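Source: prediction; values computed, not measured. Each chain gets a letter, A, B and so on, in the order its sequence line appears, and its residues count up from 1.
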Amino acid sequence: MDDQTRMLTGLTGLGGLSQADVGDPDSVRKQQSLGQPQQDIGDILQQIMAITDESLDEAQARKHALNCHRMKPALFSVLCEIKEKTVLSIRGVQEEDPPDPQIMRLDNMLLAEGVSGPEKGGGSAAAAAAAAAAGGSPTDSSIEHSDYRAKLAQIRQIYHSELEKYEQACSEFTNHVMNLLREQSRTRPISPKEIERMVAIIHRKFSSIQMQLKQSTCEAVMILRSRFLDARRKRRNFNKQATEVLNEYFYSHLSNPYPSEEAKEELAKKCGITVSQVSNWFGNKRIRYKKNIGKFQEEANLYAVKTAVDAANVSAQASQANSPATPNSGTTCTPTRNVLLFV
DNA sequence: TTGTATGATTGGAC
DNA sequence: GTCCAATCATACAA
(Lines give C-alpha, C1' and ligand atoms only; values in the text may rest on other atoms or scores of the structure.)
Protein backbone atom coordinates (compact mmCIF):
# COMPACT_ATOMS: atom_id res chain seq x y z
CA MET A 1 0.00 0.00 0.00
CA ASP A 2 1.46 3.37 -0.96
CA ASP A 3 1.38 6.49 1.21
CA GLN A 4 -1.65 7.97 -0.44
CA THR A 5 -3.73 4.86 -0.16
CA ARG A 6 -2.64 4.32 3.44
CA MET A 7 -3.55 7.87 4.32
CA LEU A 8 -6.93 7.73 2.64
CA THR A 9 -7.69 4.43 4.25
CA GLY A 10 -6.76 5.91 7.58
CA LEU A 11 -8.97 8.90 7.06
CA THR A 12 -12.05 6.81 6.45
CA GLY A 13 -12.16 5.99 10.07
CA LEU A 14 -11.84 9.58 11.16
CA GLY A 15 -15.39 10.56 11.75
CA GLY A 16 -16.65 7.11 12.44
CA LEU A 17 -19.08 7.47 9.56
CA SER A 18 -19.80 4.78 7.02
CA GLN A 19 -21.83 4.78 3.80
CA ALA A 20 -24.57 3.09 5.69
CA ASP A 21 -24.54 6.02 8.12
CA VAL A 22 -25.07 8.60 5.40
CA GLY A 23 -27.25 6.30 3.39
CA ASP A 24 -25.95 7.39 0.02
CA PRO A 25 -27.04 4.87 -2.67
CA ASP A 26 -24.71 6.48 -5.17
CA SER A 27 -21.73 5.78 -2.96
CA VAL A 28 -22.91 2.24 -2.48
CA ARG A 29 -23.11 1.81 -6.21
CA LYS A 30 -19.59 3.23 -6.58
CA GLN A 31 -18.37 0.93 -3.88
CA GLN A 32 -19.69 -2.00 -5.84
CA SER A 33 -18.37 -0.92 -9.18
CA LEU A 34 -15.10 0.75 -8.22
CA GLY A 35 -12.14 -0.34 -6.25
CA GLN A 36 -11.36 0.41 -2.58
CA PRO A 37 -9.53 3.79 -3.07
CA GLN A 38 -12.56 5.29 -4.84
CA GLN A 39 -14.75 4.06 -2.06
CA ASP A 40 -12.51 5.78 0.47
CA ILE A 41 -12.64 9.08 -1.45
CA GLY A 42 -16.40 8.82 -1.46
CA ASP A 43 -16.27 8.37 2.30
CA ILE A 44 -14.14 11.44 2.71
CA LEU A 45 -16.42 13.54 0.57
CA GLN A 46 -19.42 12.40 2.50
CA GLN A 47 -17.74 13.26 5.75
CA ILE A 48 -16.85 16.69 4.48
CA MET A 49 -20.41 17.27 3.30
CA ALA A 50 -21.77 16.02 6.58
CA ILE A 51 -19.64 18.59 8.42
CA THR A 52 -21.61 21.41 6.81
CA ASP A 53 -24.77 20.08 8.46
CA GLU A 54 -23.23 20.00 11.88
CA SER A 55 -23.38 22.62 14.58
CA LEU A 56 -20.42 24.91 15.08
CA ASP A 57 -19.26 23.06 18.18
CA GLU A 58 -19.47 19.71 16.43
CA ALA A 59 -17.64 21.10 13.44
CA GLN A 60 -14.92 22.58 15.64
CA ALA A 61 -14.51 19.26 17.42
CA ARG A 62 -14.32 17.40 14.14
CA LYS A 63 -11.84 19.92 12.78
CA HIS A 64 -9.71 19.50 15.84
CA ALA A 65 -9.86 15.72 15.43
CA LEU A 66 -8.82 16.09 11.82
CA ASN A 67 -5.93 18.39 12.68
CA CYS A 68 -4.69 16.03 15.35
CA HIS A 69 -5.09 12.91 13.31
CA ARG A 70 -1.93 10.81 13.08
CA MET A 71 -2.21 10.61 9.30
CA LYS A 72 -2.51 14.32 8.78
CA PRO A 73 1.22 14.91 8.01
CA ALA A 74 1.05 12.14 5.44
CA LEU A 75 -2.04 13.70 3.82
CA PHE A 76 -0.27 17.03 3.78
CA SER A 77 2.81 15.62 2.08
CA VAL A 78 0.73 13.80 -0.52
CA LEU A 79 -1.18 16.98 -1.30
CA CYS A 80 2.16 18.76 -1.61
CA GLU A 81 3.29 16.17 -4.14
CA ILE A 82 0.07 16.46 -6.13
CA LYS A 83 0.36 20.19 -6.08
CA GLU A 84 3.95 20.07 -7.22
CA LYS A 85 2.79 18.12 -10.27
CA THR A 86 -0.15 20.39 -11.08
CA VAL A 87 1.30 23.76 -10.18
CA LEU A 88 2.95 24.08 -13.59
CA SER A 89 -0.46 24.61 -15.14
CA ILE A 90 -1.04 27.80 -13.17
CA ARG A 91 2.49 29.20 -13.33
CA GLY A 92 1.81 30.84 -16.63
CA VAL A 93 -1.12 32.82 -15.29
CA GLN A 94 -0.66 36.55 -15.78
CA GLU A 95 0.21 38.15 -12.48
CA GLU A 96 -0.71 41.78 -13.05
CA ASP A 97 -3.20 43.34 -15.41
CA PRO A 98 -2.15 46.63 -17.02
CA PRO A 99 -4.42 49.56 -16.09
CA ASP A 100 -7.59 49.36 -18.16
CA PRO A 101 -7.77 52.37 -20.52
CA GLN A 102 -11.56 52.33 -20.34
CA ILE A 103 -11.49 52.62 -16.55
CA MET A 104 -8.96 55.44 -16.86
CA ARG A 105 -11.23 57.27 -19.29
CA LEU A 106 -14.22 56.83 -16.99
CA ASP A 107 -12.20 57.98 -13.99
CA ASN A 108 -11.00 61.07 -15.85
CA MET A 109 -14.50 61.91 -16.95
CA LEU A 110 -15.97 61.48 -13.47
CA LEU A 111 -13.21 63.68 -12.13
CA ALA A 112 -13.82 66.36 -14.74
CA GLU A 113 -17.55 66.34 -14.10
CA GLY A 114 -16.98 66.66 -10.37
CA VAL A 115 -18.54 63.30 -9.50
CA SER A 116 -15.36 61.80 -8.13
CA GLY A 117 -12.56 63.77 -6.52
CA PRO A 118 -13.07 66.96 -4.49
CA GLU A 119 -16.63 68.30 -4.45
CA LYS A 120 -15.94 71.93 -5.34
CA GLY A 121 -15.23 73.00 -8.94
CA GLY A 122 -15.82 70.18 -11.41
CA GLY A 123 -19.53 69.97 -11.94
CA SER A 124 -20.28 73.54 -10.99
CA ALA A 125 -17.52 74.66 -13.33
CA ALA A 126 -19.05 72.51 -16.08
CA ALA A 127 -22.45 74.01 -15.33
CA ALA A 128 -21.02 77.51 -15.33
CA ALA A 129 -19.27 76.87 -18.63
CA ALA A 130 -22.46 75.50 -20.12
CA ALA A 131 -24.41 78.46 -18.81
CA ALA A 132 -21.84 80.94 -20.11
CA ALA A 133 -21.78 79.28 -23.50
CA ALA A 134 -25.56 79.39 -23.71
CA GLY A 135 -25.73 82.84 -22.13
CA GLY A 136 -28.95 82.72 -20.12
CA SER A 137 -30.17 85.45 -17.82
CA PRO A 138 -28.55 85.39 -14.36
CA THR A 139 -31.84 84.76 -12.62
CA ASP A 140 -32.82 81.80 -14.74
CA SER A 141 -29.22 80.73 -14.96
CA SER A 142 -28.85 80.65 -11.20
CA ILE A 143 -32.04 78.62 -10.85
CA GLU A 144 -31.05 76.10 -13.49
CA HIS A 145 -27.46 76.17 -12.35
CA SER A 146 -28.45 75.29 -8.80
CA ASP A 147 -30.81 72.67 -10.17
CA TYR A 148 -27.97 71.18 -12.19
CA ARG A 149 -25.67 71.22 -9.20
CA ALA A 150 -28.33 69.64 -6.99
CA LYS A 151 -28.86 66.83 -9.45
CA LEU A 152 -25.13 66.37 -9.93
CA ALA A 153 -24.73 66.23 -6.15
CA GLN A 154 -27.42 63.56 -6.07
CA ILE A 155 -25.58 61.51 -8.68
CA ARG A 156 -22.35 62.06 -6.79
CA GLN A 157 -23.92 60.89 -3.54
CA ILE A 158 -25.39 57.75 -5.10
CA TYR A 159 -22.09 57.01 -6.83
CA HIS A 160 -20.07 57.32 -3.64
CA SER A 161 -22.57 55.36 -1.59
CA GLU A 162 -22.59 52.51 -4.11
CA LEU A 163 -18.82 52.62 -4.42
CA GLU A 164 -18.51 52.40 -0.67
CA LYS A 165 -20.87 49.41 -0.61
CA TYR A 166 -18.85 47.64 -3.30
CA GLU A 167 -15.60 48.34 -1.53
CA GLN A 168 -16.99 47.10 1.76
CA ALA A 169 -18.39 43.97 0.14
CA CYS A 170 -15.09 43.40 -1.63
CA SER A 171 -13.14 43.84 1.57
CA GLU A 172 -15.45 41.53 3.53
CA PHE A 173 -15.38 38.87 0.85
CA THR A 174 -11.60 39.12 0.50
CA ASN A 175 -11.14 38.75 4.25
CA HIS A 176 -13.49 35.81 4.29
CA VAL A 177 -11.65 34.07 1.48
CA MET A 178 -8.27 34.82 3.03
CA ASN A 179 -9.38 33.40 6.38
CA LEU A 180 -10.77 30.37 4.65
CA LEU A 181 -7.55 29.81 2.73
CA ARG A 182 -5.42 30.32 5.84
CA GLU A 183 -7.60 27.84 7.63
CA GLN A 184 -7.33 25.38 4.77
CA SER A 185 -3.58 25.91 4.60
CA ARG A 186 -3.37 23.81 7.79
CA THR A 187 -4.61 20.76 5.90
CA ARG A 188 -3.45 21.47 2.36
CA PRO A 189 -0.50 23.39 0.96
CA ILE A 190 -1.46 27.00 0.13
CA SER A 191 1.32 29.52 -0.34
CA PRO A 192 0.93 33.25 0.47
CA LYS A 193 1.46 33.87 -3.24
CA GLU A 194 -1.61 31.82 -4.02
CA ILE A 195 -3.65 33.71 -1.47
CA GLU A 196 -2.45 36.93 -3.12
CA ARG A 197 -3.46 35.60 -6.49
CA MET A 198 -6.90 34.70 -5.20
CA VAL A 199 -7.25 38.19 -3.70
CA ALA A 200 -6.25 39.67 -7.06
CA ILE A 201 -8.91 37.58 -8.81
CA ILE A 202 -11.54 38.79 -6.36
CA HIS A 203 -10.43 42.38 -6.85
CA ARG A 204 -10.64 41.99 -10.61
CA LYS A 205 -14.20 40.72 -10.31
CA PHE A 206 -15.17 43.62 -8.09
CA SER A 207 -13.42 46.16 -10.29
CA SER A 208 -15.50 44.99 -13.25
CA ILE A 209 -18.60 45.72 -11.15
CA GLN A 210 -17.12 49.11 -10.28
CA MET A 211 -16.59 49.79 -13.95
CA GLN A 212 -20.27 49.16 -14.60
CA LEU A 213 -21.11 51.60 -11.83
CA LYS A 214 -18.77 54.20 -13.32
CA GLN A 215 -20.25 53.70 -16.76
CA SER A 216 -23.78 54.16 -15.48
CA THR A 217 -22.73 57.28 -13.57
CA CYS A 218 -21.08 58.76 -16.66
CA GLU A 219 -24.22 58.12 -18.68
CA ALA A 220 -26.35 59.80 -16.03
CA VAL A 221 -24.06 62.86 -16.00
CA MET A 222 -24.11 63.06 -19.80
CA ILE A 223 -27.91 62.94 -19.88
CA LEU A 224 -28.13 65.57 -17.15
CA ARG A 225 -25.68 67.78 -18.96
CA SER A 226 -27.38 67.55 -22.34
CA ARG A 227 -30.75 68.30 -20.75
CA PHE A 228 -29.22 71.31 -19.01
CA LEU A 229 -27.72 72.59 -22.25
CA ASP A 230 -30.95 72.04 -24.16
CA ALA A 231 -32.83 74.03 -21.54
CA ARG A 232 -30.27 76.86 -21.80
CA ARG A 233 -30.67 77.00 -25.59
CA LYS A 234 -34.34 77.91 -25.34
CA ARG A 235 -34.68 81.55 -26.27
CA ARG A 236 -36.64 83.93 -24.11
CA ASN A 237 -37.26 87.55 -24.91
CA PHE A 238 -35.73 90.06 -22.53
CA ASN A 239 -38.16 91.92 -20.36
CA LYS A 240 -39.39 95.38 -21.40
CA GLN A 241 -37.25 97.24 -18.89
CA ALA A 242 -34.08 95.47 -20.09
CA THR A 243 -34.86 96.24 -23.74
CA GLU A 244 -35.47 99.87 -22.81
CA VAL A 245 -32.15 100.17 -21.01
CA LEU A 246 -30.33 98.65 -23.98
CA ASN A 247 -32.17 100.80 -26.52
CA GLU A 248 -31.50 103.91 -24.47
CA TYR A 249 -27.81 103.23 -24.51
CA PHE A 250 -27.85 102.30 -28.19
CA TYR A 251 -29.67 105.45 -29.38
CA SER A 252 -27.81 107.77 -27.05
CA HIS A 253 -24.55 106.39 -28.47
CA LEU A 254 -25.77 106.08 -32.03
CA SER A 255 -22.61 107.63 -33.39
CA ASN A 256 -20.59 104.89 -31.74
CA PRO A 257 -22.79 102.07 -30.41
CA TYR A 258 -19.91 99.96 -29.14
CA PRO A 259 -20.09 99.74 -25.37
CA SER A 260 -16.82 99.06 -23.58
CA GLU A 261 -16.39 96.00 -21.42
CA GLU A 262 -17.19 98.09 -18.33
CA ALA A 263 -20.29 99.54 -20.01
CA LYS A 264 -21.41 96.06 -21.02
CA GLU A 265 -21.00 94.86 -17.47
CA GLU A 266 -23.01 97.78 -16.15
CA LEU A 267 -25.74 97.24 -18.73
CA ALA A 268 -25.80 93.54 -17.97
CA LYS A 269 -26.24 94.31 -14.29
CA LYS A 270 -29.00 96.83 -15.00
CA CYS A 271 -30.87 94.47 -17.32
CA GLY A 272 -30.37 91.30 -15.34
CA ILE A 273 -28.69 89.54 -18.25
CA THR A 274 -25.16 88.35 -18.97
CA VAL A 275 -22.37 90.35 -20.63
CA SER A 276 -22.42 87.97 -23.59
CA GLN A 277 -26.15 88.62 -24.00
CA VAL A 278 -25.43 92.36 -24.01
CA SER A 279 -22.81 91.77 -26.71
CA ASN A 280 -25.26 89.66 -28.71
CA TRP A 281 -27.95 92.28 -28.36
CA PHE A 282 -25.66 95.09 -29.57
CA GLY A 283 -24.38 92.93 -32.40
CA ASN A 284 -27.91 92.16 -33.55
CA LYS A 285 -29.06 95.73 -33.03
CA ARG A 286 -26.21 97.30 -35.01
CA ILE A 287 -26.67 95.00 -37.95
CA ARG A 288 -30.47 95.31 -38.00
CA TYR A 289 -30.39 99.05 -37.54
CA LYS A 290 -27.86 99.43 -40.32
CA LYS A 291 -29.92 97.22 -42.64
CA ASN A 292 -33.11 99.16 -42.10
CA ILE A 293 -32.51 102.63 -40.69
CA GLY A 294 -35.92 103.82 -41.86
CA LYS A 295 -37.73 101.23 -39.87
CA PHE A 296 -35.87 102.17 -36.69
CA GLN A 297 -36.18 105.94 -37.22
CA GLU A 298 -39.31 106.25 -35.12
CA GLU A 299 -37.77 104.26 -32.32
CA ALA A 300 -34.60 106.36 -32.58
CA ASN A 301 -36.60 109.60 -32.30
CA LEU A 302 -38.50 108.24 -29.32
CA TYR A 303 -35.34 107.41 -27.44
CA ALA A 304 -33.69 110.67 -28.50
CA VAL A 305 -36.52 112.58 -26.85
CA LYS A 306 -36.42 110.34 -23.82
CA THR A 307 -32.67 110.79 -23.50
CA ALA A 308 -32.99 114.54 -23.85
CA VAL A 309 -35.65 114.66 -21.14
CA ASP A 310 -33.57 112.49 -18.87
CA ALA A 311 -30.50 114.61 -19.51
CA ALA A 312 -32.46 117.74 -18.73
CA ASN A 313 -33.68 116.21 -15.49
CA VAL A 314 -30.20 115.15 -14.55
CA SER A 315 -28.89 118.57 -15.43
CA ALA A 316 -31.52 120.25 -13.29
CA GLN A 317 -30.71 117.97 -10.38
CA ALA A 318 -27.03 118.58 -10.91
CA SER A 319 -27.38 122.33 -10.95
CA GLN A 320 -29.37 122.03 -7.76
CA ALA A 321 -26.57 120.08 -6.21
CA ASN A 322 -24.07 122.47 -7.78
CA SER A 323 -22.17 119.75 -9.48
CA PRO A 324 -21.66 118.98 -13.19
CA ALA A 325 -23.61 116.11 -14.63
CA THR A 326 -22.67 113.80 -17.43
CA PRO A 327 -25.25 111.56 -19.03
CA ASN A 328 -24.39 107.89 -18.97
CA SER A 329 -21.50 108.56 -16.63
CA GLY A 330 -19.60 105.46 -15.75
CA THR A 331 -19.99 103.99 -19.23
CA THR A 332 -17.05 104.54 -21.49
CA CYS A 333 -16.90 103.76 -25.17
CA THR A 334 -14.29 101.92 -27.11
CA PRO A 335 -12.32 103.84 -29.73
CA THR A 336 -14.36 104.59 -32.83
CA ARG A 337 -14.89 101.66 -35.13
CA ASN A 338 -17.31 101.61 -38.06
CA VAL A 339 -18.50 104.91 -36.67
CA LEU A 340 -19.44 106.21 -40.14
CA LEU A 341 -22.11 103.57 -40.43
CA PHE A 342 -23.94 105.09 -37.53
CA VAL A 343 -23.56 108.83 -38.18
C1' DT B 1 -51.32 79.07 -39.25
C1' DT B 2 -48.36 82.48 -40.74
C1' DG B 3 -45.38 86.44 -40.70
C1' DT B 4 -42.49 89.14 -37.95
C1' DA B 5 -39.45 90.06 -34.06
C1' DT B 6 -35.67 88.74 -31.57
C1' DG B 7 -32.07 86.16 -29.01
C1' DA B 8 -28.49 82.78 -30.10
C1' DT B 9 -25.10 80.55 -33.00
C1' DT B 10 -21.63 80.11 -36.49
C1' DG B 11 -17.94 81.18 -39.63
C1' DG B 12 -14.87 84.44 -41.37
C1' DA B 13 -12.15 88.79 -41.03
C1' DC B 14 -9.30 91.55 -38.36
C1' DG C 1 -10.19 88.34 -28.32
C1' DT C 2 -14.19 91.48 -30.92
C1' DC C 3 -17.17 92.35 -34.64
C1' DC C 4 -19.93 91.50 -38.84
C1' DA C 5 -23.07 88.94 -41.54
C1' DA C 6 -25.89 85.18 -42.30
C1' DT C 7 -28.66 82.01 -40.38
C1' DC C 8 -31.29 79.29 -37.05
C1' DA C 9 -34.85 78.72 -33.70
C1' DT C 10 -38.23 80.31 -30.91
C1' DA C 11 -41.69 83.78 -29.12
C1' DC C 12 -45.41 86.33 -30.16
C1' DA C 13 -49.10 88.83 -32.45
C1' DA C 14 -52.52 88.93 -36.06
Side-chain angles (χ1 to χ4, degrees), chain A residues 109 112-113 121 123-152 221-307 310 326-343:
Chain A
M109 188 185 155
E113 291 296 333
S124 56
S137 74
T139 318
D140 293 342
S141 164
S142 60
I143 291 165
E144 287 172 24
H145 193 148
S146 64
D147 192 37
Y148 178 90
R149 276 193 297 188
K151 284 184 175 148
L152 192 73
V221 171
M222 285 295 99
I223 290 167
L224 176 67
R225 203 185 164 122
S226 70
R227 278 186 191 162
F228 178 78
L229 284 169
D230 285 348
R232 302 291 332 144
R233 282 203 178 98
K234 281 198 170 180
R235 188 180 70 78
R236 279 178 205 157
N237 289 352
F238 298 156
N239 61 43
K240 206 175 170 188
Q241 186 250 335
T243 314
E244 249 177 55
V245 169
L246 294 166
N247 272 318
E248 250 176 65
Y249 187 96
F250 181 80
Y251 288 111
S252 65
H253 296 78
L254 204 50
S255 60
N256 184 31
Y258 297 89
S260 65
E261 202 54 40
E262 291 79 20
K264 280 181 191 171
E265 276 170 22
E266 199 178 315
L267 286 167
K269 206 185 284 181
K270 271 187 190 172
C271 300
I273 56 177
T274 64
V275 172
S276 64
Q277 282 179 303
V278 172
S279 298
N280 283 340
W281 189 91
F282 273 88
N284 286 324
K285 190 74 181 179
R286 279 192 297 265
I287 197 95
R288 283 162 188 166
Y289 179 84
K290 203 173 73 177
K291 272 186 177 173
N292 199 346
I293 294 176
K295 192 182 118 189
F296 287 98
Q297 200 56 58
E298 198 182 330
E299 191 179 63
N301 292 338
L302 202 73
Y303 279 101
V305 171
K306 196 174 185 307
T307 308
D310 286 350
T326 35
N328 297 302
S329 59
T331 58
T332 53
C333 296
T334 49
T336 307
R337 181 176 169 177
N338 291 344
V339 64
L340 291 174
L341 290 171
F342 293 96
V343 171

If you define the side chain from C-beta out and look only at heavy atoms, does anything of A/Tyr249 sit under 4.5 Å from A/Pro259? yes
State which residues pass side-chain hydrogen bond (donor to acceptor under 3.5 Å, both in side chains) with A/Asn280; sequence neighbours excluded, sorted by chain then number. none
Looking at residues at least two apart in the chain, or sitting in another chain, which of them share a side-chain hydrogen bond (donor to acceptor under 3.5 Å, both in side chains) with A/Gln241? none
Can you tell me the distance, in whole Å, between the [atom1] atom of [X] and the [atom2] atom of [N]?
| X | N | atom1 | atom2 | value |
| --- | --- | --- | --- | --- |
| A/Asn280 | C/dA5 | CG | P | 16 Å |
| A/Glu261 | C/dT2 | CD | C1' | 10 Å |
| A/Ile287 | B/dA13 | CD1 | C1' | 13 Å |
| A/Phe282 | B/dG7 | CZ | P | 12 Å |
| A/Phe250 | C/dC3 | CZ | P | 13 Å |
| A/Asn256 | C/dC3 | CG | C1' | 13 Å |

Quick one: which protein N/O atoms are closer than 3.5 Å to N/O atoms of nucleotides 2-6 of chain B? Pair and distance per line, please.
from: B/dT6; atom 1: O2; to: A/Arg235; atom 2: NE; distance (Å): 3.2
from: B/dT6; atom 1: O2; to: A/Arg235; atom 2: NH1; distance (Å): 3.4
from: B/dT6; atom 1: O2; to: A/Arg235; atom 2: NH2; distance (Å): 3.3

Below 4.0 Å: OP1/OP2 of [N] and any side-chain N or O of [X]:
| X | N | result |
| --- | --- | --- |
| A/Gln277 | B/dG7 | no |
| A/Lys291 | C/dT7 | no |
| A/Asn284 | B/dG7 | no |

Results of side chain to side chain contact (heavy atoms under 4.5 Å, CB included) for A/Glu299 - residues two or more places apart only: A/Asn247, A/Tyr251, A/Lys285, A/Phe296, A/Tyr303
Show the nearest heavy-atom pair for residues A/Val275 and A/Glu265, with the distance to one decimal. CG2-CG, 3.7 Å
Using the rule ring pair (Phe, Tyr, Trp, His ring centres under 6.0 Å), only one of A/Phe250, A/Phe282, A/Trp281 pairs with A/Tyr289; which is it? A/Phe250
